[in-house]
Amino acid sequence: MNVDVFDLYKTLRQADILFCFSGTISQSIVEGLGQTLRTHLERQETSSRATRNVFAILVEQMQNVINYSTENVPGPEEEGSLRYGIVVVGQDNGRFFIISGNYIEEGAAQRVTALLDRMQVMDKDELKTFYRKERRKGHDPESKGAGLGLIEVARKTSLPVEHTILRTDNGRLFLTIKAVI
Amino acid sequence: MSKILHIEATKSSPAILFDPDADLLRISGESYPENAAAFYAPVFDWLKEYLAGAESGRRIRVEMNVPYFNSSTSKVFLNFFDLLEAEAEKGIPVEVNWSYEEDNDTALECGEDFQEEMRAMTFNLVEIPE
């Protein structure tokens, strides 16, 4: 085994990471991590609004991984999706951040970039109007609802949502999204 | 004639109790299923059948207590309220009571986001004291 787990653990602890999950994400992971995170934040006496925001953003980001990661573990539909991704929740200067990462298709990457760029300049009222308008729209066959999810994330952050798209040597795209509360 | 629709709550989906005799539709609990459209499909089937069997003098009451819901549920709830709004526009009284815990301002704001979309129905925001 080439991974130095202790080194990884120390790095994450020193960076004030509450948790980091890398691997196959499913709905039951969303439920379990979400509940543990809520309990953790409540025990730290985090404000109930911050706790709700961290939880809501975590759910949206993890469900985006479940819907959009290109690393799929195929199986019967009724069992739900199982897809690879990484999710990190931490604290930096008293602010919570939630980062997700997963491989993504070219078209989806372009839509994410266009949407996040568009929202960079919006204030909270404009985001609310935009959210309501997008919610009213008919079902977009290209989207599994991630558009609304990202707007929801942007509505709950104190800073614009950051993202990076890394193109790997073999031409695959890796998306990261960072939300700061 | 529709029968009672009863779906038990799970960690990420609410309890649903729709009673056609009482004209009462109740949704309570958090809603963030993996696939909200699929989860709520039977609920919409039931609702459409119930609304099609209109009875005179019907007054529809909807009790919602959903402390948290995800974005895909949000879209489903808007469709749900739209169906009921269409009934209200036809003159059938529809009352929605959107309950939220006193310290959950997020749930209040979510209720307001729906309230502002509705015209014909009565949409109440009901605070539950701690």
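Proteins come first, then strands; the chains are lettered A, B, ... in the order of their sequence lines, and each starts at number 1.
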> Side chain of E71(A), backbone of I104(A): donor and acceptor closer than 3.5 Å?
Replying inline: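 No; judged by distance alone, with no hydrogens or angles, the pair does not exist.
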> Who passes side chain to side chain contact (heavy atoms under 4.5 Å, CB included) against T157(A), sequence neighbours left out?
Replying inline: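 So T157(A) forms a side chain to side chain contact (heavy atoms under 4.5 Å, CB included) with I57(A), K124(A), V153(A), V161(A), A179(A).
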>> A side-chain contact here means heavy atoms from C-beta on lying under 4.5 Å apart; do L51(B) and I60(B) qualify?
In response: yes
So for [X], is it side chain, backbone, both, or neither that comes closer than 4.5 Å to the heavy atoms of chain B?
X: R52(A); value: side chain
X: Q63(A); value: side chain
X: S81(A); value: both

> Do you know which of D105(B), N35(B), D103(B) has the most heavy-atom pairs with chain A at a distance under 4.5 angstrom?
Replying inline: D105(B)
> Out of curiosity, does L84(B) fall in the hydrophobic cluster containing L125(B) (side-chain heavy atoms, cut-off under 4.5 Å, transitive links)?
Replying inline: yes
>> Can you tell me how the ring of W98(B) sits relative to the ring of F114(B), calling it parallel under 30°, perpendicular over 60° and tilted otherwise?
In response: tilted
> When the ring planes of F174(A) and Y103(A) are compared, do they come out parallel, tilted or perpendicular, using 30° and 60° as the limits?
Replying inline: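 Aromatic pair F174(A)/Y103(A) classed perpendicular.
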> Are F77(B) and Y40(B) close enough that their ring centers fall under 6.0 Å?
Replying inline: yes
Heavy-atom count check: over 12 atoms from other residues, nucleotides or ligands less than 6.0 Å from [X] [atom1]?
X: E116(B); atom1: CD; answer: yes
X: E102(B); atom1: CD; answer: yes
X: F44(B); atom1: CZ; answer: yes

Per-residue contact mode, [X] against chain A (heavy atom under 4.5 angstrom):
X: Y32(B); answer: both
X: P33(B); answer: backbone
X: D82(B); answer: side chain

>> At under 4.5 Å between heavy atoms, what parts of residues 7-15 of chain B are in contact with chain A? List them by residue number.
In response: K11(B), S12(B)
>> Taking every non-hydrogen pair under 4.5 Å, which of M62(A), E31(A), Q35(A) racks up the most with chain B?
In response: E31(A)
